[in-house]
Structures are given as structure tokens and as C-alpha cells.
S.K.: 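Encoded as C-alpha cells, here's the structure I'll be asking about.
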Amino acid sequence: MTTIDTLAPPPAQAAPRRAARVNPAKDFLELSRRVKASGLMRRRPGWYILRAVVLASAFAGAVALLLTLGQSPWQFAVAGLFGVLLTQAAFFGHDAAHQQVFSSSSRNEWLSRVIANLVVGLSHGWWARKHGKHHDRPNTIGKDGDIATGALVFDPQDAPGRTGIIGWITRRQGWLFFPMLTLEGLNLHVSAVRTLVEERDLSYRRVEALFLAIRLLGFPALVIVTLGPWWGLAFLAVQLMVFGVYMGASFAPNHKGMPLLAERETIDFLRRQVLTSRNIRGGRPVFWAMGGLNHQIEHHLFPRMPSVNLPLVQPMVREYCAEKNIPYTEAGLFESYGIVIRYLNRVGLGEADPFECPLTSRYRPF
């Protein structure tokens, strides 16, 4: 026997509501609104004044040691100190180039130009152009100059074409990465000179040439006159090696070993920046050592934010990424170096496919 209840028609159900259209491109706008409301985008003049005073005092002390120690083995420690201070100066110039120091764009540009050319020995115009493309399309094949094939190969498709001694180096490039960085300081100086010679349309080219000549001729002359030719050359070699290794060790962990994007990859700004960047854990010591660049995700999302505020905005960004189900990558400093070395070795052997990135395909805008 069938009951009446079973014969009764099922109760009417409301029509399912149409799901709201997902628009990832708007996700960053919401995050940006929250960050601006927090006040963390405001300038921090006191922080930069203190930083400038400390850095200038450290340079003055290093020069005093250079002039007073004579031909002493301690001069090699002074050379290493100069390598560290020049990298710290580069971090300061990096902040200025990103409009973090002054409210005036021109003042920031001039501060960065003076620091880059006159202090560090780099071409501001060359670096700003290259770095701007990196921020616009990080880890993108054919767009980001930081992963262009040169001494190192980041695109596995370029590895098979390298033969002979270059091919031997490429197949072992992970293990050779840090030894090769000892030449990076010299490479940066050479690139600066080449840029000013070849690129005649560079803004303020003559000013940069004057500053660069003072730096690249004046400092070596001071060292050699003070210490003599052989001690002076040894001093400069140590300074260049420390500078190159420190610079490379600070910038490499931030993106190397993260997903590469195809040139025509369509992905919204928030996910493009987060998925290709890696933060480095370590608290204040790592923050100071890396000039705030250990908060690479936050820096790429908010490049004009004063670097001292990056640790403060990190919890907000991390929580928002969890809310949007976006992978947020962090690693320890030495862990990140291991990742970079293994990645470079795999690429050198042609074992990685930079276009096979399930994360980016998952987050393409609809």
C-alpha cells in the first residue's frame, strides 16, 4: 500500500540563484582599497632620514679606515665593508626609484640617479628601464629582462643550443651560481658604461656619464694612491666580489624558481605578481640584510609603499590571498637558495617546462 504522502507532488523549490560572475581583475582593487585605508601607503620621511644618516656615517667610517690602516690585511675586511655598504646604498636608490622617499617624483628620480651613478656605479637610466619591465611582467618569457638568457639560462628551451664550454657551464649553472656572482659587480659596472656609450637617447645621459666617471675612476684612484697598486687592486677585487655576491644573493631568491609565464599569458595583476614572487622569512635581520626585498610579494603589489611598511602590510596581503585561494609562497633564506640552485640545474639540463604552470592556467581571468 502506498501512502498519500508518497503520492503527493514534491514541494515547489525556488529557482537556483545565478552565481555572481567572478572577475579576478577586481580583486586587486579591493585589496588596494583596504591597504590605502590602513594608511600604510603614506611616506615615512623620518625612516629615510635615519637610514641616510646611518648609511652616510658608515661610509665615512669606511673611508677613514681605508685612509688610516695602511697596507694591512685588515684592509680586506674594509673592502668587504665597502661591498656591503654599496649594496645597501643600492637598496636605498631602489626605494627612491620606486617613488617611496619623497612625494615629488622628480626628487625621487634625482636621488636615485645620484645614488646609482655617483655612489654605486650603475646607470640609473639603464636600471630603471630594465626594472620597470620586470615589475610590469615578472618572470615572463620575452618581457622580463631579469630572466633573459645570458650567463645563466632560465628558459629550458634555450639550454640545448648552448655547447662547448658554455654548454658545460649551463649544465652545472646551479652549482656555479654563487661563484659566478663574484663577477656580477664588475658586470654591472660594465653594463652601465656600455649603456651610456650606446644609448644616446638616454635621459640625462651626460649627467649620468659625469657621475659615473667620478665614481668608476675616482674611487679606484683613491684606493690605489692610498694602498699602492698591488694592495689597491686586491682591495678592489674583494670589494667587487662582495658587492656582486651580496647583490645577487639579495635579488635572486625573490623570483628564481617561481613559475615562468608565456609571453601571451593572460592573468590578472594580483595573481601575476603573487604567483611569480617569493617572500623570504627571517624577521628583522633578513629585512635589514635584504633592504626589505624579502617582502617581495608586497613590494610587487605596492611598489610605492615605503619599504619599512612592507612587514606591516604582509598579514593583510597574506590573509587576502588565503581569502581568494591564491598560493602565497614563503621560504627561509637558505631554503630559497637551495630552491634556486636546484631550479637552475634542472633548467640547465632542459628538464623543466616554464610554460607548464597549472597555477597560472587556474587563475586566468574569465
S.K.: Run the salt bridge (Lys or Arg N to Asp or Glu O under 4.0 Å) test against Arg206 and tell me which residues pass, sequence neighbours left out.
M.R.: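 Counting only residues at least two positions away or on another chain, Arg206 forms no salt bridge (Lys or Arg N to Asp or Glu O under 4.0 Å).
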S.K.: Going by the rule side-chain hydrogen bond (donor to acceptor under 3.5 Å, both in side chains), which residues pair with Thr140 if we only count those two or more places apart in sequence or in a different chain?
M.R.: Arg272
S.K.: Side chains of residues 182-189: which donor-acceptor pairs under 3.5 Å do they make with residues two or more places apart or in other chains?
M.R.:
| unit_1 | atom_1 | unit_2 | atom_2 | d |
| --- | --- | --- | --- | --- |
| Thr182 | OG1 | Pro179 | O | 2.5 |
| Glu184 | OE1 | Asn187 | ND2 | 3.4 |
| His189 | ND1 | Gly121 | O | 2.9 |

S.K.: Would Arg113 pass as a cation-pi partner of Trp110, given that its NZ or CZ must be under 6.0 Å from the six-membered ring centre and within 45 degrees of the axis?
M.R.: yes
S.K.: Show your reasoning for whether ring pair (Phe, Tyr, Trp, His ring centres under 6.0 Å) applies to Trp288 and Phe91.
M.R.: CA-CA 10 Å; Trp288 280 98; Phe91 294 154; over 10 Å; no
S.K.: So Trp168 and Thr163, side-chain contact (heavy atoms from CB on, under 4.5 Å) or not? Walk me through it.
M.R.: CA-CA 7 Å; Trp168 185 90; Thr163 58; over 6 Å; no
S.K.: If only side-chain N and O atoms count, and only distance matters, is there a donor-acceptor pair under 3.5 Å linking Glu319 with Tyr328?
M.R.: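 Distance-only check fails for Tyr328 and Glu319.
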S.K.: Hey, would you say the Tyr343 and Phe154 ring centroids sit under 6.0 Å apart?
M.R.: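 No, ring centres 6.0 Å or more apart.
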S.K.: With a 6.0 Å cut-off on ring centres, are Tyr320 and Phe28 close enough?
M.R.: no
S.K.: Output, in order, the C-alpha distance, side-chain angles, deciding distance and verdict of ring pair (Phe, Tyr, Trp, His ring centres under 6.0 Å) for Tyr48 and Phe92.
M.R.: CA-CA 8 Å; Tyr48 283 107; Phe92 199 115; 5.7 Å; yes
S.K.: Distance-only criterion, 3.5 Å: show the donor-acceptor pairs between side-chain atoms of residues 242-261 and protein atoms not counting sequence neighbours.
M.R.:
| unit_1 | atom_1 | unit_2 | atom_2 | d |
| --- | --- | --- | --- | --- |
| Tyr246 | OH | Gln88 | NE2 | 2.9 |
| Tyr246 | OH | Ala289 | O | 2.5 |
| Ser250 | OG | Tyr246 | O | 2.8 |
| Asn254 | ND2 | Ser250 | O | 3.2 |
| Asn254 | ND2 | Phe251 | O | 3.4 |
| His255 | ND1 | Thr276 | O | 2.9 |
| His255 | NE2 | His134 | NE2 | 3.3 |
| His255 | NE2 | Gln296 | OE1 | 3.0 |
| His255 | NE2 | His300 | NE2 | 3.1 |

S.K.: Trp126 and Leu216: same hydrophobic cluster, using ILVMFWY side-chain contacts below 4.5 Å?
M.R.: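 Trp126 and Leu216: separate clusters.
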S.K.: List, by chain and then residue number, the residues other than Leu217 in its hydrophobic cluster (Ile/Leu/Val/Met/Phe/Trp/Tyr, side-chain heavy atoms under 4.5 Å); write none if there are no others.
M.R.: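 None, because no other hydrophobic side chain comes under 4.5 Å of this residue.
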S.K.: Is there a donor-acceptor contact under 3.5 Å linking the side chains of Arg162 and Thr170?
M.R.: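 Yes, because at least one side-chain N or O of Arg162 sits under 3.5 Å from a partner of the opposite role on Thr170.
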S.K.: Does any non-hydrogen side-chain atom of Phe82 lie less than 4.5 Å from one of Phe219?
M.R.: yes
S.K.: Before accepting this row, confirm whether a basic side-chain N of the pair Lys36/Glu30 lies closer than 4.0 Å to the acidic partner's carboxylate O.
M.R.: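 Salt bridge absent between Lys36 and Glu30.
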S.K.: Got a salt bridge between Arg51 and Asp95, using NZ or NE/NH1/NH2 to carboxylate O under 4.0 Å?
M.R.: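 So Arg51 pairs with Asp95 through a salt bridge.
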S.K.: Hey, can you tell me if Trp127 and His124 have their rings parallel, tilted or perpendicular (30° and 60° cut-offs)?
M.R.: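 Ring orientation, 0 to 90° scale: tilted.
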S.K.: Check whether the ring centres of Tyr337 and Phe177 lie less than 6.0 Å apart, and answer yes or no.
M.R.: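 No - the distance between ring centres of Tyr337 and Phe177 does not fall below the 6.0 Å cut-off.
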S.K.: With sequence neighbours excluded, give me every salt bridge (charged side-chain N to carboxylate O under 4.0 Å, His left out) pair touching residues 136-151.
M.R.: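 Every pair satisfying salt bridge (charged side-chain N to carboxylate O under 4.0 Å, His left out) with a residue in residues 136-151: Lys130-Asp146, Lys143-Glu263.
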